[in-house]
Trainee: 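Structure in structure tokens, see below.
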Amino acid sequence: MNNRTKFALVDCNNFYASCERVFEPKLEGRPIVVLSNNDGCIIARSNEAKALGIKMGVPYFKLKNLITQNGVVVKSSNYPLYGDMSSRVMKVIGEYSPVQEVYSIDESFIDLMRLPLNLMDHMHSLRRRVKSWTGIPVCVGVGSTKVLAKLANRIAKKYPRFDGVFDIDDLSYERYCKLLKSVEVGDLWGIGRQSAKKLNRIGIHTSHDFYQSDVGVIETLLGVNGKKIYKELYGSSCIPIEAIPPARQQIVSSRSFGCDLKDFDELNQALTNLTRKAVNKLNNHQLATTTITVFIYTNPHKKDKPCFHLSKTVGMTTAIQDQSQIIPLVAQILRLIYKPGHSFYKGGLVLGNLTKNYQQQDLFSITQNSQIQTMARQKSNTIRSVNKRFNESIKYASELGNNRWLPRADFKSNRYTTSWTELLVI
């Protein structure tokens, strides 16, 4: 039985591209890129696309020739599919440890401490089962701290001879130092871009430089978080697994429009749809909001015209969570900030100062008002349950229109696992 701290980071390989391959096996071995909303920039690449020199974040139109010449498969982002596939993968991973932290859509930490098993065999079994049950390939990095597990995952992905699983604690000191020298300090887990700049200014460029530095200097520059990362490189576990995710502070729902919008009704249709998505997230997490911010702005990429960013925040004394309250309020705020004559490129809303969804009882409210509030909640719950069962069949009138706001998605695959009308046909 392993009595020392031991963590594993399970990371899906090229997750978005792998999701596309699950339902189109003919794409195996071919270069794939996935585009951001509105088919703007490249946000995911298969290994084959990386080998062609395609970089993250580059606008698609700049690489059209390269993509066409090399037969690169282009896909529009398909977040309903990726989200559902992620939940399936995470459920399988969760069966291999009593403690799991879903770190991102394609990464999960698990605690391996005190498991009465051969850990490497256990992780190879995990890798095979995730691939067999979901079709998604994963690599596993194992280490005595979360930072070390993250480093180990890099090795597991880079070197095929480890068969996708690597325990960094097995490295000799000399080879460990060699590994740290090959990793830039900005690529170290927990070191952001701004922190890397601070470290670079005093001559710390690699993870090995960071490792060999004085802990007092690191703490002075980066604070307590930097000190924790430093100590984790030495094998001292300072960052525990967060089995219970921290409470959300805000929910943002925004979108670049398919084309610039001038008409208020077109903007209102877009914002109503985005508001419904935000309220669904609010209710799924059993939260309520006390502030709503609505924003719209013109295209910042047009050099011949100034960019206008219009927004307004409204606060409430009582937290709300019903779409029957939030959707009309967003429309009112939009009307306050809307200025005719401008072409708006993007818009959205922020639900902030989130609290747990429970009704604060007003000592001075009369019975009639309480009954009205109860009826409103019952109506919202009924609409929500009907929409959940019948695919958003009940809509506000403001959600109907010409749909010009919908973003471009010329290369989008089906939502194979979340839409009855888009099931895989064989």
Side-chain angles (χ1 to χ4, degrees), residues 10-50 52 54 60 67-68 70-96 100 102 104-108 125-140 157 164 255 258 273 276-277 280-281 284 384-395 403 406-426:
V10 186
D11 188 8
C12 302
N13 299 346
N14 308 315
F15 181 57
Y16 291 176
S18 294
C19 287
E20 299 290 349
R21 281 175 169 161
V22 169
F23 300 95
E24 291 187 70
K26 65 182 180 182
L27 300 181
E28 197 68 42
R30 295 185 60 186
I32 303 172
V33 296
V34 179
L35 306 179
S36 62
N37 284 329
N38 229 10
D39 289 346
C41 299
I42 292 168
I43 58 170
R45 307 154 296 158
S46 67
N47 287 335
E48 297 81 1
K50 294 174 184 176
L52 293 172
I54 297 174
Y60 167 59
I67 285 171
T68 303
N70 291 278
V72 178
V73 177
V74 179
K75 292 290 184 179
S76 301
S77 51
N78 190 344
Y79 297 120
L81 176 66
Y82 306 152
D84 183 65
M85 291 300 292
S86 172
S87 67
R88 293 167 186 244
V89 169
M90 297 308 166
K91 187 174 181 180
V92 177
I93 294 171
E95 295 180 5
Y96 280 78
Q100 177 187 21
V102 178
S104 67
I105 193 171
D106 62 347
E107 292 179 292
S108 180
S125 170
L126 179 153
R127 187 168 181 265
R128 287 192 298 269
R129 182 174 291 187
V130 172
K131 176 66 174 176
S132 175
W133 288 12
T134 69
I136 302 295
V138 301
C139 284
V140 184
K157 282 189 172 182
R255 188 62 58 87
N273 277 270
R276 183 189 288 280
K277 294 180 189 299
N280 285 342
K281 288 183 181 178
N284 289 341
R384 191 160 60 249
S385 62
V386 170
N387 279 340
K388 186 174 181 179
R389 184 173 179 183
F390 296 106
N391 195 26
E392 303 294 332
S393 56
I394 301 177
K395 298 181 181 293
N403 290 328
L406 287 172
R408 292 189 301 275
D410 297 334
F411 314 101
K412 193 170 185 179
S413 53
N414 286 349
R415 296 168 294 171
Y416 299 104
T417 62
T418 59
S419 173
W420 286 108
T421 60
E422 298 178 20
L423 290 174
L424 184 65
V425 176
I426 300 176

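The figures here come from the full heavy-atom set of this structure, side chains too, leaving out hydrogens, waters and symmetry mates. Only a predicted model underlies this, so the values are computations on that prediction, with no experimental measurement involved.
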Trainee: Return the orientation label for the Tyr82 and Tyr16 ring planes: parallel under 30°, perpendicular over 60°, tilted otherwise.
Mentor: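 If you compare the ring of Tyr82 with that of Tyr16, the planes turn out parallel.
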Trainee: Can you name the closest pair of heavy atoms from Met85 and Cys19 and give their distance?
Mentor: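 Closest approach of Met85 to Cys19, heavy atoms only: CB-SG, 3.8 Å.
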Trainee: Would you call Leu27 and Arg30 a side-chain contact if the rule is heavy atoms closer than 4.5 Å?
Mentor: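 The answer is yes, as the side chains (C-beta and beyond) meet within the 4.5 Å cut-off.
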Trainee: Would you say the side chain of Asn14 lies within less than 4.5 Å of the side chain of Arg21, judging by non-hydrogen atoms?
Mentor: no
Trainee: Evaluate the side-chain proximity of Lys75 to Glu24: yes if any heavy-atom separation is below 4.5 Å, no if none is.
Mentor: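 Yes, side chains in contact.
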Trainee: Measure across Gly94 and Gln100 and return the closest heavy-atom pair with its distance rounded to 0.1 Å.
Mentor: CA-OE1, 3.2 Å
Trainee: Do Ser86 and Asp106 have side chains that approach each other closer than 4.5 Å (heavy atoms only, starting at C-beta)?
Mentor: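 Answer no - side chains too far apart.
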Trainee: Measuring from atom CG of Asn47 to atom CD1 of Ile32, what distance do you get when rounded to the nearest 0.5 angstrom?
Mentor: 10.5 Å
Trainee: Under 30°, 30 to 60°, or over 60°: which ring-plane class applies to Tyr416 and Phe23, parallel, tilted or perpendicular?
Mentor: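 Aromatic pair Tyr416/Phe23 classed parallel.
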Trainee: Check whether the side chains of Thr417 and Asp84 place a donor and an acceptor atom closer than 3.5 Å, and report yes or no.
Mentor: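 Short answer, yes.
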Trainee: Between Ser108 (side chain only) and Met90 (backbone N and O only), is there a donor and an acceptor less than 3.5 Å apart?
Mentor: no
Trainee: A side-chain contact here means heavy atoms from C-beta on lying under 4.5 Å apart; do Leu35 and Ile42 qualify?
Mentor: yes
Trainee: Just how far is it from atom CD of Glu95 to atom CH2 of Trp133, taken to the nearest 0.5 Å?
Mentor: 5.0 Å
Trainee: Passes side-chain contact (heavy atoms from CB on, under 4.5 Å), Asn414 versus Leu424? Steps please.
Mentor: CA-CA 8 Å; Asn414 286 349; Leu424 184 65; over 6 Å; no
Trainee: Just by distance, do the side chain of Arg408 and the backbone of Gly258 share a donor-acceptor pair under 3.5 Å?
Mentor: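 Side chain of Arg408 to backbone of Gly258, a donor-acceptor pair under 3.5 Å: yes, one is there.
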Trainee: Near Lys91 NZ, under 6.0 Å, is it more than 12 heavy atoms from other residues, nucleotides or ligands?
Mentor: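 Not buried by this count: 12 neighbours or fewer within 6.0 Å.
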Trainee: Set out, in order, the CA-CA distance, both residues' side-chain angles and the distance that settles side-chain contact (heavy atoms from CB on, under 4.5 Å) for Ile105 and Tyr79, then state yes or no.
Mentor: CA-CA 10 Å; Ile105 193 171; Tyr79 297 120; 5.8 Å; no
Trainee: Gly71 and Pro31: which non-hydrogen atoms are nearest, and at how many Å?
Mentor: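 Scanning both residues completely, I find the closest heavy atoms to be O-CG, 4.1 Å.
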Trainee: Work out which heavy atom in Arg255 is nearest to a heavy atom in Pro407; give both atom names and the distance.
Mentor: NH1-CG, 3.4 Å
Trainee: I'd like to know whether Lys412 forms a salt bridge (charged side-chain N to carboxylate O under 4.0 Å, His left out) with Glu422, so could you lay out the CA-CA distance, the side-chain angles of the two residues, the decisive distance to 0.1 Å, and finally the verdict.
Mentor: CA-CA 12 Å; Lys412 193 170 185 179; Glu422 298 178 20; over 6 Å; no
Trainee: For the residue pair Arg45 and Ile54, what are the closest heavy atoms and their distance?
Mentor: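 Here Arg45 and Ile54 meet closest at NH1-O, 2.8 Å.
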Trainee: Side chains of Val22 and Thr134: closer than 4.5 Å at any heavy-atom pair?
Mentor: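 No - every pair of side-chain heavy atoms lies 4.5 Å or more apart.
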Trainee: Within the 3.5 Å criterion, strictly below it, is a donor on Ser76 or Asp39 matched to an acceptor on the partner's side chain?
Mentor: yes
Trainee: Regarding Ser413 and Asn78, do their side chains bring together a donor and an acceptor under 3.5 Å, going by distance alone?
Mentor: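 Asn78 and Ser413 do have a side-chain donor-acceptor pair below 3.5 Å.
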Trainee: Kindly compute the distance separating CG (Leu81) from CZ (Arg415), expressed to the nearest 0.5 Å.
Mentor: 10.0 Å
Trainee: So, for Ser77 and Val34, which heavy atoms are closest and what is the spacing to 0.1 Å?
Mentor: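 Looks like CA-CG1, 3.8 Å.
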